[in-house]
Chemist: 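Quick one: the structure is below, questions incoming.
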There are 2 protein chains.
Amino acid sequence: MASIYEIARQAGVSPSTVARALSGRGYCSEEKRKKILHLAQKMGYSPSHAARTLKSHITSKVLFCIPDIYNPFYFRMIRGVSEVLEGHDYLPLLCPTKGEMALELRMLQNLREGWGDGMVFVSFNFTPDNIAAVNAAQRPVVLTNNYPEGPDDRFDAVYIDTVEGIAMSCRHFIAQGIRDIGYIGGSSAAQTGQERLAGYSQALREASIPMTADWILDGDFSTASGETAMRRLAALPKRPEALVVANDLMAIGALKVCRELHIRVPEDLKIIGMDDSDSAQLIGLSSVRMREDEIGRLAAELLMDRILGGPRPRRTLRLQPELSLRASSEKI
Amino acid sequence: MASIYEIARQAGVSPSTVARALSGRGYCSEEKRKKILHLAQKMGYSPSHAARTLKSHITSKVLFCIPDIYNPFYFRMIRGVSEVLEGHDYLPLLCPTKGEMALELRMLQNLREGWGDGMVFVSFNFTPDNIAAVNAAQRPVVLTNNYPEGPDDRFDAVYIDTVEGIAMSCRHFIAQGIRDIGYIGGSSAAQTGQERLAGYSQALREASIPMTADWILDGDFSTASGETAMRRLAALPKRPEALVVANDLMAIGALKVCRELHIRVPEDLKIIGMDDSDSAQLIGLSSVRMREDEIGRLAAELLMDRILGGPRPRRTLRLQPELSLRASSEKI
DNA sequence: CTGAAAGCGCTAACAT
DNA sequence: ATGTTAGCGCTTTCAG
């Protein structure tokens, strides 16, 4: 409430003397400094963040855009982000976008208006509109997905190689001598869905295993869709020996159906999921660790580097996923 | 980058005309409005959030202080918060405090400096220092815990009745005719630990069941501590028939040990946890739903009410928890 | 309908 | 060592 002007008036000095006394920069006699500090204390003075920002163009905030606030996956990412930010006395401003482009554009607009000094942007809508808005924001943005890079793009990216993640799962089975491998994917409309399927077909091609159409099923990343897919698989005359699933929720759905139908895991069917969620760990489901925390940390580091440091060439980091092997995928 | 001054110069009008044209408030000829709007578009104008805030004292942000960024419990709470904020075009600024008072005070200082218009404050350190800082912040704060209310406190609170939560679990067993009920609690040093234990002893007292010291164990809310406690219980000459556990993680630890020692759940031992986590649901562990999302929502509503509305009397809301009954606690 | 001017609160260059 | 002044960018009141 109280400003340096109030203090100045009461102390009988000029506002700039107060500013110097409080900031510690510039000259100020010991006597006045004491008086001023005491007065500031008494009047409950606190500097105005808004005024400072207006002057300095530093907000000490970073926008963190996520598509789905209900997904623990992203929250694990924000751990990494806020860890790094904390070291710089920055705070993350949480921007839930529901994956809706309109909201994403709104948040990018907020960035332009200076709600924060930069943005960590998790999105799946990499349309030209969106990319243009990112570039137009005039402030550093770090993407956390693989995306088709344009020549004029001015932002960094750090992402995990999902193609490789699914391929690793397949290869794990292939190394066990298994050739009959099924796949439950996400919607192939989305980029993530396509990438994961690509990992599957790539790994099979490497091993010269032909793809079996009946064994390739589409889900929507929900547990329910995993159940549906598994039921369809179970009904086939010949079932695969192993199953690669594009996320843990669907894998859990599949496991549920297996238990129901007395399909033993891993004896009759081996399964690997993806995300390495708490649930996977709890029930012994093998999975692919997507290193969300590291993605968050690296994204925040790239971002802070741009915010604090000068301009530098664009940088893109790709992380490799890791298998978390548990009972559900192992040889007996 | 471009300010209304730039636009004014290029349009050959005064800054205030530009301001009127852009805001839509006040008079402006159609001709000039068009010219200005077009210019603004072309120059990539965006209003400065900092300048607006300095002038209006509205930041459109709310600080959300949480002790533990690694705990899904709090993330479920933020869902509710951000849902409500979204309706007012406010964004939550995430303030991780690690439960450290120093960081909490720092965030309260940020609040005073106007980093946000108010705060949802999850804390366990309700010392006089802390409370004083909340009152000194001069901006609305909503607490999400029960706390010893002082006469000068000017903040709202919304919290869940944990005492009742644990008591409900106990009564559920008592209603089944069970009298031998054990308890694994959190550290009784913390407020939460004490409250939960109070719920246990209260329920037993109501039913005139004497407390058995051997059956009352202390953990630290971690899975490992749940295992340790369960091992100790298992080693007793006489074990309880049912077990009330102060959170799901410890209950999961206990379940693990039960499986290991071939103690059948619920036949030999019935268990109810607390938090109603995803894991509890997954493995059929009965639990107490703490309604985090509603707490978040209500807290945000109280806060926005104070931010947008005028002053009003202090308000405190207490929510009742709910039992989520699953296989682990049921009669066979 | 339009422009000048003051003010939000702090900072920093400059003058005294 | 201290004070004056201008400026950050927008809003709003008051003249014209």
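Chain identifiers are assigned alphabetically (A, B, ...) following the order of the sequence lines, protein sequences preceding nucleic acid strands; residue numbering begins at 1 within each chain. Quick note: numbers below take in every heavy atom, side chains included, and nothing from hydrogens, waters or symmetry partners.
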Chemist: Tell me, which pairs form a ring pair (Phe, Tyr, Trp, His ring centres under 6.0 Å) where one or both residues lie in residues 59-114 of chain A, sequence neighbours left out?
Modeler: A:Phe75-B:Phe75

Chemist: D:dG3 phosphate, OP1 or OP2: any side-chain N/O from A:Thr17 under 4.0 angstrom?
Modeler: yes

Chemist: List the protein contact pattern of nucleotides 6-14 of chain D with one symbol per nucleotide (5' to 3'): B for base contact, S for sugar-phosphate-only contact, - for none; contact means a heavy-atom distance under 4.0 Å.
Modeler: -BBBBBB--

Chemist: Sorted by first residue and then second, give each ring pair (Phe, Tyr, Trp, His ring centres under 6.0 Å) pair with at least one member in residues 4-25 of chain B; sequence neighbours left out.
Modeler: none

Chemist: Could you tell me, to 10°, how much the axis swings from one end of the helix from C:dC1-D:dG16 to C:dT16-D:dA1 to the other, five pairs per end?
Modeler: 50°

Chemist: Test: salt bridge (charged side-chain N to carboxylate O under 4.0 Å, His left out). Region: residues 5-20 of chain A. Which pairs qualify, not counting sequence neighbours?
Modeler: A:Glu6-A:Arg9

Chemist: What distance do A:Leu303 atom CG and A:Leu63 atom CG have between them, rounded to the nearest 0.5 Å?
Modeler: 9.5 Å

Chemist: For B:Lys34, what residues pass the side-chain contact (heavy atoms from CB on, under 4.5 Å) criterion, not counting sequence neighbours?
Modeler: B:Glu30

Chemist: Per the salt bridge (charged side-chain N to carboxylate O under 4.0 Å, His left out) rule, what does the pair list look like for residues 42-69 of chain B, sequence neighbours excluded?
Modeler: none

Chemist: B:Asp161: what forms a side-chain contact (heavy atoms from CB on, under 4.5 Å) with it, not counting sequence neighbours?
Modeler: B:Val163, B:Glu164, B:Arg318, B:Gln320, B:Pro321

Chemist: Only pairs at least two apart or in different chains count here, so list each side chain to side chain donor-acceptor pair (under 3.5 Å) that has a residue in residues 294-303 of chain A.
Modeler: A:Glu83-A:Arg297, A:Arg291-A:Glu294

Chemist: Give me each pair satisfying salt bridge (charged side-chain N to carboxylate O under 4.0 Å, His left out) with a member in residues 105-119 of chain A, each pair once, sequence neighbours excluded.
Modeler: A:Arg106-B:Asp89

Chemist: Can you check whether A:Ser29 has a side-chain N or O nearer than 4.0 Å to OP1 or OP2 of D:dA1?
Modeler: no

Chemist: Between residues 31-40 of chain A and DNA chain C, which residues have a heavy-atom gap below 4.0 Å?
Modeler: none

Chemist: Could you state the atom-to-atom distance from OH of A:Tyr27 to C1' of C:dC14 in whole Å?
Modeler: 14 Å

Chemist: Just to verify, what does B:Ser56 make a side-chain contact (heavy atoms from CB on, under 4.5 Å) with, not counting sequence neighbours?
Modeler: B:Ile58

